[in-house]
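Notes follow the structure.
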Amino acid sequence: VPQVMAEFWIIKVCCTTVGETFADYMADDVGFSSQQNLGMFGGILFFLLACQFFFKSYIPVIYWLCVVFMSVEGTLITDGLTDNEGLDLWKSTLIFASLLVINFALWVYLEGTIDIHSIYTPRREVLYWLSVFWTFALGTAFGDLISEALGSFANSLAVFACWLIFVAICWKTALYFKWQWCGPVFWFWSAYILTRPLGASIGDLVSQDKEAGGWGLGTTTTSSILAAIIIVFTLWLQITKRDQIKSVVELEEDSKAEIRLEAVGASREAASPVTVMVQAPVEA
């Protein structure tokens, strides 16, 4: 997984937004049914996750492609439950929130932590990607619920933006005071969940018709712009590797190298000649 920095959140919000707009594009403009979209994007996501697990190190292009298609798949599932099955948004919100809590509880029970910087085993990575998927499904349902309650995309965007700022402040405060009961990991996942409805609100505001309260750019233009932003930042990270986290093996190798250097330094000091200063007698 990547190091959490500014680029991480920029790409994450763009992924959630393009997940919303591209899912709408496939359903409304292309005309594919929910089952067709779910099957097609599910197959692509499965292939990308197989690649993600095959490579033992973090590769930005593969990782963020997984996030993009997971965003699309999560949106399709939630919209399908609402539009095709008639499931109320508050019910789907409750269902996905429960699944996410169960996933986190299982993760803590098995591994003792849900910190994304501790993901260096296949089981932890499976639990991580399941958590990511539930956050997308939950964020879609919760975002649509709030958007319908507030009556406009701009209002929901303002609410989620303020909420996210509050979470960011709490996150930094938890880091500064080293809170244990409600630490940085909790606030990270809170922010991760909230970026989904924030991105959905941005996508709807920009892409929807002006009669519906949007800017009228359309799903095709909006998805293309966001995809371009994701590509630029992802290639930047692929080239610079500035968001790379050293694996446990690499950290152990660095630690062993430091120990060897210290041992070499100590042996050199022990082998160096000792100069004894002899003071000549002072004549009377």
Side-chain angles (χ1 to χ4, degrees), residues 1-2 4-20 23 45 63-64 66-79 81-82 89-108 113-119 124-150 153 155-175 179 181-204:
V1 296
V4 179
M5 50 180 58
E7 291 91 337
F8 176 91
W9 294 113
I10 292 172
I11 301 175
K12 172 62 167 60
V13 172
C14 289
C15 288
T16 60
T17 308
V18 80
E20 178 76 16
L45 178 59
Y63 175 88
W64 287 111
C66 289
V67 175
V68 168
F69 281 93
M70 196 162 283
S71 175
V72 174
E73 192 74 1
T75 302
L76 290 171
I77 287 178
T78 304
D79 289 347
L81 290 174
T82 303
L89 286 171
W90 70 268
K91 292 181 180 178
S92 57
T93 299
L94 183 60
I95 291 172
F96 290 127
S98 300
L99 291 171
L100 181 60
V101 170
I102 293 171
N103 196 121
F104 280 151
L106 180 63
W107 191 350
V108 171
T113 179
I114 57 174
D115 187 353
I116 67 167
H117 294 146
S118 67
I119 300 172
R124 291 187 179 187
E125 190 165 8
V126 169
L127 292 167
Y128 169 73
W129 284 112
L130 282 173
S131 300
V132 171
F133 179 76
W134 298 131
T135 61
F136 278 123
L138 171 61
T140 301
F142 184 59
D144 290 346
L145 180 65
I146 297 299
S147 180
E148 289 186 2
L150 296 177
F153 305 128
N155 289 341
S156 61
L157 175 60
V159 168
F160 287 118
C162 292
W163 202 344
L164 198 56
I165 291 172
F166 170 76
V167 169
I169 293 172
C170 292
W171 187 2
K172 293 299 182 182
T173 305
L175 283 171
W179 289 346
W181 57 275
C182 194
V185 174
F186 171 82
W187 294 111
F188 164 80
W189 282 110
S190 299
Y192 200 95
I193 294 171
L194 286 173
T195 52
R196 177 62 188 89
L198 176 74
S201 299
I202 294 173
D204 288 336

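Just so it is clear, the model here is predicted, and its values are computed rather than measured.
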Considering all heavy atoms of both residues, which atom of [X] and which atom of [Y] are nearest to each other, and what is their separation?
X      : Y      : value
Ser131 : Asn103 : OG-ND2, 2.9 Å
Cys15  : Ser71  : O-OG, 3.2 Å
Ala23  : Thr75  : CB-CG2, 3.8 Å

In Å, rounded to the nearest 0.5 Å, how long is the span from [atom1] of [X] to [atom2] of [Y]?
X      : Y      : atom1 : atom2 : result
Phe104 : Leu99  : CZ    : CG    : 12.0 Å
Leu150 : Leu157 : CG    : CG    : 11.0 Å
Thr93  : Ile146 : OG1   : CD1   : 8.0 Å
Ser98  : Trp134 : OG    : CH2   : 11.0 Å

Please tell me if the side chains of [X] and [Y] come closer than 4.5 Å, counting only heavy atoms from C-beta onward.
X      : Y      : value
Pro2   : Glu7   : no
Ile114 : Leu127 : no
Trp90  : Phe142 : no
Trp179 : Phe186 : no
Trp107 : Ile102 : no
Leu138 : Arg196 : no
Trp64  : Phe8   : yes
Phe136 : Val67  : yes

Self-check item: Ile193, Leu194, Thr140, Leu130 screened by side-chain contact (heavy atoms from CB on, under 4.5 Å) with Thr135, the one that passes
Solution: Ile193
Exercise. On the 0 to 90° scale, with breaks at 30° and 60°, tag the Trp9-Phe188 ring pair as parallel, tilted or perpendicular.
Key: tilted
Quiz prompt | Phe69-Trp129 aromatic ring centre distance below 6.0 Å | solution = no
Exercise. Could you name each residue pair satisfying side chain to side chain donor-acceptor pair (under 3.5 Å) that touches residues 183-194, not counting sequence neighbours?
Key: none
Practice problem: Could you walk me through whether Arg124 and Thr113 pass the side chain to side chain donor-acceptor pair (under 3.5 Å) test, one step at a time? | Solution: CA-CA 10 Å; Arg124 291 187 179 187; Thr113 179; over 6 Å; no
Side chain [X], main chain [Y], donor-acceptor under 3.5 Å:
X      : Y      : value
Ser147 : Asp144 : no
Thr16  : Thr195 : yes
Thr17  : Ile202 : no

Exercise. Applying side chain to side chain donor-acceptor pair (under 3.5 Å), name anything that partners Ser156, two or more places apart in sequence or on another chain.
Key: Ser201
Return a table of donor-acceptor pairs under 3.5 angstrom between the side chains of residues 166-175 and protein atoms on other chains or two or more places apart.
{"residue": "Thr173", "atom": "OG1", "partner": "Ile169", "partner atom": "O", "Å": "2.7"}

Practice problem: Please test Leu81 against Phe96 for side chain to side chain contact (heavy atoms under 4.5 Å, CB included), starting from the C-alpha separation and ending with a verdict. | Solution: CA-CA 12 Å; Leu81 290 174; Phe96 290 127; 3.8 Å; yes
